[in-house]
Amino acid sequence: MTEGTTSAAEGVDTLTRLEQEGEIAADYLEGLLDIADLDGDIDMDVEADRAAVSIVSDSDSRDLQKLVGRDGEVLEALQELTRLAVHRETGDRCRLMLDIAGFRAQKRTELAQLGAKAADEVKSTGEPVQLEPMTPFERKVVHDAVAAAGLRSESEGEEPQRFVVVLPA
């Protein structure tokens, strides 16, 4: 088998591993919700070769906003704690994505629009556009949007001030 290809069995193994990561994460997050006395349902999926876990609520999601925090800071911390919990159980590095009350989904939409707008500006002026510092998740969404617009982008700077520069084709 050539490098970069996977057999059907490897694909099933990967899916099973990602589903297991989601289950472990869901159990961990349910425990946190119980401790914090917050209501929420856990949804699990596999997206882009990673487990995706969401905490959603039928009722007013104000309580869940506490778990998002200012600009998603608490969400980022909970995602890292959840990844560590999965790592502790499996022994493997985990790339799980956590969303709470649709915050990350909304942010993804806004960032894709920002990336497309920056790409349009670069196309019209021919000059690079530098964006504000972003988290790794935010930069990835912008990079994907810029690539979809047919341009290229790079990350520059050092964390936490790392930012995206959109470049002419």
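What you see is a predicted model; the values in this text were computed from it and never measured.
Hydrophobic clustering (side-chain heavy atoms under 4.5 Å, transitive across Ile, Leu, Val, Met, Phe, Trp, Tyr) keeps V53 apart from I24. The cluster map of Ile, Leu, Val, Met, Phe, Trp and Tyr, joined by side-chain heavy atoms under 4.5 Å apart, puts L98 and V56 in different clusters. V122 and V141 fall within a single hydrophobic cluster, where Ile, Leu, Val, Met, Phe, Trp and Tyr side chains are chained together by heavy-atom contacts under 4.5 Å.
I35 forms part of no hydrophobic cluster, judged by ILVMFWY side-chain heavy-atom separations under 4.5 Å. When hydrophobic residues (I, L, V, M, F, W, Y) are linked wherever their side-chain heavy atoms come within less than 4.5 Å, the members clustered with V165 are F163, L167.
Comment: R17 does not engage D13 in a salt bridge, judged by the lack of any side-chain N to carboxylate O separation of less than 4.0 angstrom. Residues E159 and R139 are paired through a salt bridge, judged by an N-O separation under 4.0 Å between the basic side chain and the carboxylate.
When each of L84, L81, L78 is paired with Y28, the side-chain contact (heavy atoms from CB on, under 4.5 Å) condition holds for L81 and for no other.
Between atom CZ of residue R93 and atom CZ of residue R95 there is a gap of 7.0 Å, rounded to the nearest 0.5 Å. Remark: E158 CD to E156 CD distance equals 11.0 Å, nearest 0.5 Å. Atom CD of Q79 is separated from atom CD1 of I100 by 9.0 Å, given to the nearest 0.5 angstrom. With rounding to the nearest 0.5 angstrom, the CG atom of L29 is 10.5 Å from the CE atom of M44. With rounding to the nearest 0.5 angstrom, the CG atom of L18 is 12.0 Å from the CD atom of E23. Expressed to the nearest 0.5 Å, how far CD of E47 lies from OG of S54 amounts to 7.0 Å.
Summarising the geometry of G150 relative to A169, their closest heavy-atom pair is O-CB, 4.2 Å, with the distance given to 0.1 Å. In plain terms, the two heavy atoms of A118 and V166 that are nearest each other are CB-CG2, 3.9 Å. Considering every non-hydrogen atom in both P168 and G126, the closest pair reads CG-O, 3.2 Å. What you find for G115 and A145 is that their closest heavy atoms are CA-CB, 4.1 Å.
At a threshold of 4.5 Å between non-hydrogen side-chain atoms, the residues M134 and R162 do not count as touching. Between E30 and I42, some side-chain heavy-atom pair lies under the 4.5 Å cut-off. Counting heavy atoms from C-beta outward, L75 and R104 have side chains that approach closer than 4.5 Å. Residues H143 and S155 meet the side-chain proximity criterion, which asks for heavy atoms closer than 4.5 Å. At a threshold of 4.5 Å between non-hydrogen side-chain atoms, the residues L111 and R108 do not count as touching. Side-chain contact between L151 and K123 is present, with at least one heavy-atom pair separated by less than 4.5 Å. Using a 4.5 Å cut-off on side-chain heavy atoms (C-beta onward), E110 and E138 make no contact. Two residues are said to be in side-chain contact when any heavy atoms from C-beta on lie closer than 4.5 Å; K107 and F137 meet this criterion.
Applying the 6.0 Å contact sphere to CG of D37 captures no more than 12 heavy atoms from other residues, nucleotides or ligands. Taking a 6.0 Å sphere around CG of D43, one finds it holds more than 12 heavy atoms contributed by other residues, nucleotides or ligands.
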Carefully, step by step, assess R83 and M97 under the rule side chain to side chain contact (heavy atoms under 4.5 Å, CB included).
CA-CA 9 Å; R83 285 177 174 176; M97 281 298 261; 4.0 Å; yes
Working for side chain to side chain contact (heavy atoms under 4.5 Å, CB included), residues V74 and V68
CA-CA 5 Å; V74 176; V68 173; over 6 Å; no
Side chain to side chain contact (heavy atoms under 4.5 Å, CB included) for D99 and I55? Distances and angles first, verdict last.
CA-CA 6 Å; D99 192 6; I55 301 175; over 6 Å; no
Applying side chain to side chain contact (heavy atoms under 4.5 Å, CB included), run through D39 and D63 and close with a yes or a no.
CA-CA 8 Å; D39 290 327; D63 284 343; over 6 Å; no
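At distances below 3.5 Å, not a single donor-acceptor pair connects side-chain atoms of D41 with backbone N or O atoms of S57.
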